[in-house]
Amino acid sequence: MLKALLVTISVSVSNAGRRKSSTSTTPPYIDLEEQLRVLQERVRMLTKINNDLRRKLDDVQREVYKLMSPPLIEATVLEVLDNGRAVVKSTTGPNLVVQISKDIDPSTLRPGMVVALNNRGSTIVEVLPSRVDPMVKAMEVVEKPGITFKDIGGLESQIRELYEVVVLPLKQPELFKEIGIEPPKGVLLYGPPGTGKTMLAKAVASESDAIFIRIVASELVNKFIGEGARIVREVFRYARRNAPAVIFIDEIDGIGARRADLGTSGDREVQRTLLQLLAEMDGFDPLSNVKVIAATNRLDLLDPALLRPGRFDRIIEVPLPDYRARVEILKIHLGRTKYADNVDIAKLASMTEGFSGADLKAVVVEAGFYAIREGRREISMRDLVRAVEKVKKRGKSERETKVSTTSTHI
Ligand code: ATP
């Protein structure tokens, strides 16, 4: 194509030269030079267009190749053999002994890696990126939760009870052995959201110098079939290996709700996860250095099997804070801020009837934002009163949304 273009250009240059030389008085070579420059510029442009089109053609050809190529088969490496072969388990079928493509270094393959086999299933052609183990996502581990009983307001009786039944047995198991009583293996905290259940469990762990492991039970059952039970097993194993440990199972009603008819595979999965939890709890000594604390907002929903002796046999209510508790909680959260002398904590406590600890914290944070927005360096009583109204309104609209979604479910 380029060659033809150059021939055309040189012919048109020589024709133009001939035409010009018969009519013009200027030396013919000056005009010809000008025309040559224009034509050379045109050649450059056309070469560039040609290159762009070639690149596009390559892209399209690559895309067509991808569309036409047959799908690959996903498999997991079980064992790497000698002579460039490996045993893999394909996701759909039996274990296979396959070749390893020359593009893959066999020494980089490890059991458990996810790979792609060619469409005949005979060769590993690609190593696929590893997925995050659901176990890692489901479990939160805090080595040293920086929360102490002093950070919790208005829950003195709950703290006393947790100290006796969890902290003491972890710190001084010999006391219990000597007297001959068994502390509970598991404690169940129940109460409305945001009342400090997670805080209590974290404080118990840090007061006992134990690691804190949190799992959210309702999330376990959204995993693949069998994953929930596996994660429960792994969490207990991890806790035993890293003891002393406090396992906190949040939203336990997610797996511990009264048994429904086990119609769907989802129900059966919930059941399997719960049974694994019960088996783990039955299997350990009450004086071992692993303790389980569970939390729920719905005690009424729980399966009685969970509450039998040797399981969650100590039930502690964590209610919404009363007036005195609200004063304590406000003091704790305001104590971390700079506030004006006119702030009346007693008045704020009477204005916040029905607020949870989390709501009271939100009041202090919102008030801080009002102060910053208006360029002040400390929180005023007015900021706090406005924040109370805002949090009250937010709570009301959240409650209304909940009611409307529940009624649509009915
Ligand atoms: P949920 O049931 O929604 O999981 P929860 O009962 O576990 O809630 P937490 O997560 O412990 O509640 O509390 C949320 C936040 O509210 C805490 O981080 C803390 O700042 C504040 N808070 C709640 N209760 C108290 C309290 N009694 N004293 C001090 N702060 C509190």
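One-based numbering, in listed order, for ligands and for the atoms of each.
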re atom 4 (O) of ligand 1, the protein heavy-atom contact at minimum distance is D250 OD2, 3.7 Å

task = Without swapping roles, check the side chain of E207 against the backbone of F149 for a donor-acceptor pair under 3.5 Å.
result = yes

Based purely on interatomic distance, does G196 place a nitrogen or oxygen under 3.5 Å from a nitrogen or oxygen of ligand 1?
yes

Any donor-acceptor pair under 3.5 Å from Q158 side chain to E317 backbone
yes

If we number the atoms of ligand 1 from 1 as shown, the ones under 4.0 Å from a heavy atom of N297 are 2 (O)

Q. Does ligand 1 have an atom that lies less than 4.0 angstrom from a heavy atom of H333?
A. yes

In ligand 1, the atoms that come under 4.0 Å of a heavy atom of L155 are 27 (N)

Atom 6 (O) of ligand 1 sits nearest the protein heavy atom K197 NZ, 2.8 Å

_Lys NZ or Arg CZ of R386 over Y370 ring: under 6.0 Å, within 45°_ = yes

So for I152 against ligand 1, with non-hydrogen atoms under 4.0 Å, the contacting part is both

Output yes when D59 and R62 qualify as a salt bridge under the 4.0 Å nitrogen-oxygen rule, no when they do not. yes

Ignoring angles and geometry beyond distance, decide whether G153 reaches within less than 3.5 Å of ligand 1 through its nitrogen or oxygen atoms.
yes

protein heavy-atom neighbour closest to atom 20 (O) of ligand 1 works out as K361 CD, 3.0 Å

Nearest non-hydrogen protein atom to atom 14 (C) of ligand 1, with distance, is A358 CB, 4.0 Å

Let's go through D52 and R55 carefully: what are the C-alpha distance in whole Å and the side-chain angles of both, what is the deciding distance for salt bridge (charged side-chain N to carboxylate O under 4.0 Å, His left out) to 0.1 Å, and is it a yes or a no? CA-CA 5 Å; D52 285 351; R55 246 193 315 272; 2.7 Å; yes

Do L360 and I332 come close enough that some side-chain heavy atom pair is under 4.5 Å? no

Query - Salt bridge present between R394 and E366 (N-O < 4.0 angstrom) - result: yes

protein heavy-atom neighbour closest to atom 7 (O) of ligand 1 works out as T198 OG1, 2.6 Å

Ranked by distance from atom 23 (C) of ligand 1, the top protein heavy atom is G194 O, 3.3 Å

Under 3.5 Å: N/O of M199 near N/O of ligand 1:
yes

Hey, is D151 one of the residues with a heavy atom under 4.0 angstrom from ligand 1?
yes

Q.
side chain to side chain donor-acceptor pair (under 3.5 Å), that's the test. Do N50 and T47 meet it? Break it down for me.
A. CA-CA 5 Å; N50 186 32; T47 314; over 6 Å; no

Value for CG (D253) from OG1 (T296), rounded to nearest 0.5 Å, stands at 3.5 Å

In this structure, atom 22 (N) of ligand 1 is nearest to the protein heavy atom G357 C, 3.6 Å

Can you find a side-chain donor-acceptor pair between N118 and S122 that sits under 3.5 Å? yes

